Amino acid sequence: MERNIALIALFAALIAALGLIPKVTLGFGVPITAQSLGVMLCGTVLGARRGALAVLLFLLLVAMGLPLLAGGRGGLGVFASPTMGFLVGFPIAAFVTGLITERWRNAPLTLVAGIASALGGIVVLYAFGTAGLALMLEKSLPEAAMLVAAFIPGDILKAAIAGMLTSALARARPAAVLSRS
Ligand SMILES: O=C(O)CCCC[C@@H]1SC[C@@H]2NC(=O)N[C@@H]21
């Protein structure tokens, strides 16, 4: 129990730390950010439930006004901005990533964690991000999807990095990945 709480807090802190990497905000108000790599790692390392809880903790701190989003943003206002759909989708993305990683945990981990990250952190996350962007910018879903497509190359790279980091961690500390206690 205490270990789970510590891990959830640690991974919420990891997402916050990745926010220190400078963001590049595209013209339509959504940044390229390393924090989505943190969301993927929450799922691949902690699994579905604890991964989603770590992301929820991070979002709670952001909602309380802590400037933890890339570029030092925080507060309730970010949930009414063009990135709103992505923020809502973050915990669900971590959950789906974790679910897939847990389901195929006996297959080669680099591959499983990479594919899980792509499905959770791209397919699922973009569904929420696209819907939120369409809503906030008053665009059609196809128009919003065209904008969001700009993130695909970078996020494929992040999914591959998540796969490699998860597998490296499992080799160095086998009990650290998807452990239950
Ligand atoms: O900082 C925020 O307000 C949330 C930003 C969400 C950015 C999304 S996450 C998926 C996609 N990949 C990126 O690098 N940026 C977008």
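Computed from a prediction, not measured in an experiment: that's the story for all the values here. Just follow the structure's listing: the first ligand is 1, and inside any ligand the first atom is 1.
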Checklist entry - By number and element, which atoms of ligand 1 are closer than 4.0 Å to a non-hydrogen atom of Lys158? => result 12 (N), 13 (C), 14 (O)
Next on the checklist: For atom 3 (O) of ligand 1, what is the closest protein heavy atom, and at what distance to 0.1 Å?
Outcome noted: Thr83 OG1, 2.8 Å
Checklist entry - Given that the side chain starts at C-beta and the backbone is N, CA, C, O, which of these parts of Val148 lies under 4.0 Å from ligand 1, counting heavy atoms, or is it both or neither? => result neither
Checklist entry - Which atoms of ligand 1 have any heavy atom of Leu69 under 4.0 Å away? => result 1 (O), 3 (O)
Checklist outcome for this item: Taking only non-hydrogen atoms of Leu87 and a 4.0 Å limit, the atoms of ligand 1 in range are 4 (C)
Next on the checklist: Tell me the contacting part of Lys23 for ligand 1: side chain, backbone, both, or neither, using a 4.0 Å heavy-atom threshold, strictly below.
Outcome noted: neither
Checklist entry - Taking atom types as modelled, is there a side-chain donor on Lys158 or Ser117 under 3.5 Å from an acceptor on the other? => result no
Checklist entry - Side chain, backbone, both or neither: which part of Thr33 has a heavy atom under 4.0 Å from ligand 1? => result both
Checklist outcome for this item: Per-atom filter on ligand 1: closer than 4.0 angstrom to a heavy atom of Val30 are 7 (C)
Checklist outcome for this item: ligand 1 to Leu125, heavy atom cutoff 4.0 Å, flagged ligand atoms 9 (S), 10 (C)
Checklist entry - Are any of the N/O atoms in Gln35 less than 3.5 Å from those in ligand 1? => result no
Checklist entry - Does Lys23 reach the main-chain N or O of Leu69 with its side chain, forming a donor-acceptor pair under 3.5 Å? => result no
Checklist entry - So which heavy atom on Ala107 is nearest to which on Val112, and how close? => result CB-CG2, 3.4 Å
Item to check | Contact (N/O only, under 3.5 Å) between Tyr126 and ligand 1 | outcome: no
Checklist outcome for this item: Note: Ala12 and Leu57 closest approach over all heavy atoms is CB-CD2, 3.8 Å
Next on the checklist: Counting neighbours of CZ on Arg73 that are heavy atoms of other residues, nucleotides or ligands and sit closer than 6.0 Å, is the number greater than 12?
Outcome noted: yes
Checklist entry - Less than 4.5 Å apart, any side-chain heavy atom of Arg3 and any of Ser179? => result yes
Checklist entry - Between the main-chain N or O of Tyr126 and the side-chain N or O of Thr130, is there a donor-acceptor pair closer than 3.5 Å? => result yes
Next on the checklist: With a 3.5 Å distance limit and no angle check, can you tell me whether Gln35 reaches the backbone of Leu68 through a side-chain donor-acceptor pair?
Outcome noted: yes
Item to check | Pick from Ser36, Gly19, Gly121, Pro31: the one approaching atom 5 (C) of ligand 1 most closely through a non-hydrogen atom | outcome: Pro31
Next on the checklist: Considering non-hydrogen atoms of the protein only, which is the closest contact for atom 1 (O) of ligand 1, and what is the distance?
Outcome noted: Arg73 NH2, 2.5 Å
Checklist entry - What is the minimum heavy-atom distance between Val55 and Pro91, and which atoms define it? => result CG1-N, 3.5 Å
Next on the checklist: Considering non-hydrogen atoms of the protein only, which is the closest contact for atom 6 (C) of ligand 1, and what is the distance?
Outcome noted: Phe86 CB, 3.7 Å
Next on the checklist: For the residue pair Arg105 / Thr101, report whether a side-chain donor-acceptor contact shorter than 3.5 Å exists.
Outcome noted: no
Checklist entry - For atom 12 (N) of ligand 1, what is the nearest protein heavy atom, given as residue, atom name and distance? => result Asp155 OD2, 2.8 Å
